[in-house]
Amino acid sequence: MKDYKPLEIEVKWKKMWDEKKIYSPDLDSVKRPFYNLMMFPYPSAEGLHVGSVFTFTGVDTYGRFKRMQGFDVFEPMGLDGFGIHSENYALKVGRHPKEQAKRSEENFYRQLSSIGNGFDWSRKLETYDPNYYKWTQWIFIQLFKRGLAYRKKAPVNFCPSCKTVLSDEQVIDGKCERCGSVVEKRELEQWFFKITDYAERLLNNIPKLNWTEKVKIAQRDWIGKREGTTIRFVIARTQNEVKGTKKSQKDQIIMGSANPRNDSQYIEVFTTRGDTLYGATFIVLAPEHPVVASLLRNSELEKIRKYVEEVKKKTEIERGAQGKEKTGVFTGLYAINPINNESIPVWIADYALMGYGTGALFGDAHDERDVAFAKKYGIPLKATLITGDKERDERILKLEECFTGDGTLVDSGEFSRLSSQQARERVAEWLEKNKKGGRKVTYHLRDWLISRQRYWGPPIPMIYCQSCAGKGRSWFNSIDSKEENVSSIKYKVSSKDGKFLNTKYVIHTTDDMVGWYPIPEEDLPVILPDVQDWRPEGTGVSPLANHPEFYKTTCPSCGGKARRETDVSDTFLDSAWYFFRYLATEIHDVPFPSEGFINSKSTNQQINKSTNLMIGNWKLEIGNFAKRVKWLPVTMYIGGAEHSVLHLLYSRFITMAFKDLGLIDFEEPFARFYAHGLIIKDRAKMSKSKGNVINPDEYLAKYGADVLRAYLRFVGPFDMGGDFRDSGIEGMQRFLKRVWRLVNDVIASEAKQSSDPKEIASPSFGEARNDNEGKRVMNRIIKGVTDDLEALRFNTAMAKLMTWYNYLSQQKNVSKKELETFLKLLAPIAPFITEELYQNVIASPEGAAISDDGSFRSVHLQPWPSYEPKMLEEGEVTIVVQVNGKVRDSFTVHSLQFTEQSKVEKKAKESSKIKKYIEGKKIKKVIYVEGKIINFVV
RNA sequence: GGCCGAGUGGCGGAACUGGCAGACGCGCACGCCUCAAAAGCGUGUGGCCGUAAGGUCAUGUGGGUUCGAUUCCCUCCUCGGCUACCA
């Protein structure tokens, strides 16, 4: 018998699979497309993490299972190599990002090809490939033309160490996601995508998605829809302005005619708790609130100016997360609560956020933050909600307890005695009727900040023309836009039940966009030049801004001197559409980007010329894209739950935008999303700082891909992850060696038998066993493994196969059918060893991998084993006998003849063990679960 | 603080809709093989009492529902992930 040499058979079969292209479906002609997608990795670290191997081989096991079930499985792989992660890694190792990308790419593809996955390598992609990012840029332009990309000056998170702008999502606990530095606030002009326009659609589609529930919840929370009310508080100069006046004068003030304030000077606040409005005793403004700004212009109050400036400089962390001390300053102003005409002080405080609601809130006794703030500054409070529990209500009214739940209103004028819920409704009505505010919906979701002042990303494909700007011109009033008929572009806004609500026309106000033009599409891509000073300098601009040969250009409209945008786009944009690109890619040898890069001395003209080489055939690519849409939405998408919000949300947004662009007729990219678990080591998350990161290379070299794959399947449930341990992997190697030996022994003894029929070796082929038990076992295992794989319960599928092995290895004869079936069931998990052994089995006594007609009889192309439901029934079943729910005895009966209650009950009562417990007692009740259990209650 | 998970032998984990808790594997012990070891094979393996038959206690804690709870409900504790002053 040959020894089991995993590495040798890997080389052999990999070559064969590659030659026969068994993992490269013809995208245009297949009948049962199954797009089996895993989140592509960003290759910034030293190499592939064993956690990624866990995920990728798990996804592949599912894909192989589906292929054997007759689906045309498409399983592509690529690299998310553009962006801040990769650039930071390049910074760390002191290598040019492009050079590093080349190295990472080589290493990653080497590793990825060694794990035994059925990747379609003819369609790989890298986000830094100009053939890829020309489309990233194209998408940007399409969104710009539809008014979904816009520019605004905004306070942004700035990491002083990475020297870049970060999105809110990249700021963790006020620190930079990558380097951990404390993040500062800066004001910069930035490009944004209007994802908030899609908030309602993104939210309403969630129930329809076949996704892991927790990911759906995370998405819903991230969108964070809140229905509440806005209330207008008219500003008064002093408290007396209201309090000291008679009713008629009060009204005047409120109506805006009293001097010197008028109705335009009001503060609009947002609340979800309109029921507590009567108890509002102060107003809090965010330091960035416009009222504060106007106040500062007219105010001599140095104290306020100082406070606001300090807070604005403060980082998120210093401003303090919940629980930390709140700070604030009184403005000297008062505001009139429209519902009760009370005049209440207006404060500025750091716990009010400009980014949420209206940037202003009212404080009351039923919010813990408000109470904490009020107590600190001695602001009075008034409880207006009670619970009905007398003792508790006493405490609440004495302000000893802060009650934040729904209750019954007290001391709230005409609203007293209403429930919170009723009151919210009535207050909203009142405000609407009296034009003092009204219902309002707010979202936690913010627009997507796209700009990055970095090097390693796709240049944002926009041109700014100073001269056009001076004339108030932009692309939106150019001839081009009229040709594209942009003004008539509209998209549908749907309500919750999917009903058409209205058509939203994009109305362009060119104010913000004056001077801006997209790069003409035929000039794409805007190649990222190969500059040497690529490191971020912390000047708030991209390194490309130091390269006039890059940014100097001509205006597409007037032909005058113009300037390219020098920022690059967020890496989340690269990954928001890659699943489309796998399908659109023609099979071609893509030159590595460096070959297409221009050098930094090239002129602008050369940039454009050189791109012609890259563009390829737009129409062809778009055409393929459209044809292949049958592959979408992605059938199965598997990735980490850490991407639950951002990546998945951005991908959904881009897909919806594609639909609105008329490119596709669906709006959700992933029919099914499954979140896998994490592999940990010694009960701790793997991390470099802990020094417990596992490099799969050594395991692949030592044990081979099959052993590692099978071990990772067995280590724990796919959605939970598992604890990686060397002793476990040894056990798995033993198992595969046993399988190897069993199959080879059987084949060998068969060969012996046919040459000398008298000699019966054991175990051997043959039907001689002639028992139904063997067939029942096989059918049960087939069903079990099939169900487990379908539900991605790989660990229990593996256990069932081991159980079956244990059974087979103890039999005198093992049939050829059993061996074949065993190998087929194991094939998705361990593709190499099963291919080798399967070929041995079918070759015995005759047969070969390549049949006469030239087709390849790979185990991976065999139909998945089926089972006969009839054979699942057990020959005999064990009936457990309980007395008062405690197991006292058990016996077996023939399942077909002896499972009626009367017979089982009779037999159970005959048992001496049972008699002991029921003798002389009255049986109150008998519970019988057919074929399982009988329970006497005495 | 909020949301989502998870707590089961020495360890990783099974138990799918409430029905024999501990499948399968690791580890350990003993045995076979061997001059010996490794590998391999076999047997056993939750705690306690008992020679045994058997009994009894056991799924983080405390309660509840049920003939019966790892599973359902409530309380609390611990750990992990995501998120975070969202008015």
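Lettering follows sequence order; numbering is per chain, from 1.
- No contact: G677(A) has no heavy atom under 4.0 Å from any strand.
- In this structure, the ring of Y62(A) has its center no less than 6.0 angstrom from the ring center of F718(A).
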Measure all distances between protein nitrogen or oxygen atoms and nitrogen or oxygen atoms of nucleotides 16-27 of chain B, and list the pairs falling under 3.5 Å.
from    : atom 1 : to      : atom 2 : distance (Å)
rG19(B) : N2     : Q882(A) : OE1    : 3.1
rG25(B) : OP1    : N806(A) : ND2    : 3.2
rC26(B) : OP1    : R734(A) : NE     : 3.4
rC26(B) : OP1    : R734(A) : NH2    : 3.1
rC26(B) : O2'    : S727(A) : OG     : 2.9
rG27(B) : OP2    : R734(A) : NH2    : 3.1

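- Taking atom CG on L648(A) and atom P on rU83(B), their separation rounds to 13 Å, with Å as the unit.
- When only modelled atom types and interatomic distance are considered, T55(A) and H676(A) share a side-chain donor-acceptor pair under 3.5 Å.
- For the OP1/OP2 pair of rU56(B) and a distance below 4.0 Å, the side-chain nitrogens and oxygens of R888(A) include at least one atom meeting the criterion.
- Considering every non-hydrogen atom in both Y699(A) and L708(A), the closest pair reads CB-CD1, 4.2 Å.
- Under the 90° criterion around 0 for the glycosidic angle, rG62(B) counts as anti.
- With rounding to the nearest 0.5 angstrom, the OG1 atom of T327(A) is 10.5 Å from the CH2 atom of W347(A).
- Heavy-atom nearest nucleotides on RNA chain B were determined for Y443(A) and for V715(A), and the one closer to the 5' end corresponds to V715(A).
- With both pairing distances under 3.5 Å, rC76(B) is matched to rG60(B) as a Watson-Crick or G-U wobble pair.
- With 3.5 Å as the limit, one finds a donor-acceptor pair spanning the side chains of R713(A) and T57(A).
- Here rA87(B) presents its P atom at 22 Å from CD1 of I348(A), a figure rounded to the nearest Å.
- Salt-bridge annotation for R392(A) and E401(A): present, with a side-chain N of the basic residue lying under 4.0 Å from a carboxylate O of the acidic one.
- Rounded to an integer number of Å, the gap from CG of D350(A) to C1' of rC85(B) is 9 Å.
- Cation-pi contact between K225(A) and Y443(A): absent, since separation from the ring centre below 6.0 Å together with deviation from the ring axis within 45° is not met.
- Rounded to a whole Å, the NZ atom of K376(A) is 17 Å from the P atom of rC85(B).
- Here, rU65(B) and rU75(B) have their C1' atoms 15 Å apart, quoted to the whole Å.
- Side-chain polar atoms of Q882(A) and Y917(A) form no donor-acceptor pair below 3.5 angstrom.
- Regarding R220(A), its CZ atom lies at a distance of 11 Å from the P atom of rC4(B), rounded to whole Å.
- Comparing the C1' positions of rA21(B) and rA69(B) gives a spacing of 11 Å, expressed to the nearest Å.
- At whole-Å resolution of the value, NZ in K737(A) and P in rC41(B) are 10 Å apart.
- Between rU17(B) and rU71(B), the two P atoms lie 13 Å apart (nearest whole Å).
- A salt bridge is absent between R273(A) and D367(A); no separation between the charged side-chain nitrogens and carboxylate oxygens falls under 4.0 Å.
- Between Y266(A) and F233(A), the ring center distance fails the sub-6.0 Å criterion.
- Looking at heavy atoms from C-beta onward, F794(A) lies out of side-chain contact with I829(A) at the 4.5 angstrom threshold.
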Any N/O pairs under 3.5 Å between the protein and nucleotides 57-59 of chain B? List them or say none.
from    : atom 1 : to      : atom 2 : distance (Å)
rC57(B) : OP2    : K886(A) : NZ     : 3.4

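- The side chain of R741(A) lies closest to rC41(B), out of rG5(B), rA87(B), rC41(B).
- With C1' as the reference atom, rG22(B) and rA15(B) are 9 Å apart, rounded to whole Å.
- For rG2(B) and rC76(B), the P atoms lie 11 Å apart once the distance is rounded to whole Å.
- Base pairing of rC16(B): no nucleotide in any strand meets the Watson-Crick or G-U wobble criterion (both distances under 3.5 Å).
- For the P atom pair drawn from rG7(B) and rU59(B), the interatomic distance equals 13 Å after rounding to whole Å.
- Comparing rG55(B), rA14(B), rG54(B) by their nearest atom to the side chain of Y917(A) picks out rG55(B).
- At the phosphate of rG13(B), neither OP1 nor OP2 sits under 4.0 Å from any side-chain N or O atom of Y711(A).
- K924(A) comes within 4.0 angstrom of nothing in the nucleic acid, heavy atoms only.
- Comparing the C1' positions of rC77(B) and rU61(B) gives a spacing of 7 Å, expressed to the nearest Å.
- Under the Watson-Crick and G-U wobble criteria, each requiring two contacts below 3.5 Å, nucleotide rG31(B) is paired to rC41(B).
- Judged by distance alone, with hydrogens and angles left aside, K326(A) brings a side-chain donor or acceptor within reach of the base of rC85(B), the pair sitting under 3.5 Å.
- Atom CG in D889(A) sits about 15 Å away from atom P in rA53(B), given to the nearest Å.
- For K925(A), whose side chain is taken as the heavy atoms from C-beta onward, the closest listed nucleotide among rC67(B), rC4(B), rG5(B) is rC67(B).
- With no hydrogens or angles considered, no side-chain donor-acceptor pair links Y867(A) and T786(A) at under 3.5 Å.
- rC82(B) atom P lies 10 Å from atom NZ of K214(A), rounded to whole Å.
- A donor-acceptor pair shorter than 3.5 Å cannot be found between the side chains of D364(A) and Y278(A).
- Only the C1' atoms considered, rC16(B) is 23 Å distant from rG9(B), to the nearest whole Å.
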Nucleotides 44-49 of chain B: protein proximity per nucleotide (B base, S sugar-phosphate only, - neither; heavy atom, under 4.0 Å): ------
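- Side-chain polar atoms of Q733(A) and Y4(A) form no donor-acceptor pair below 3.5 angstrom.
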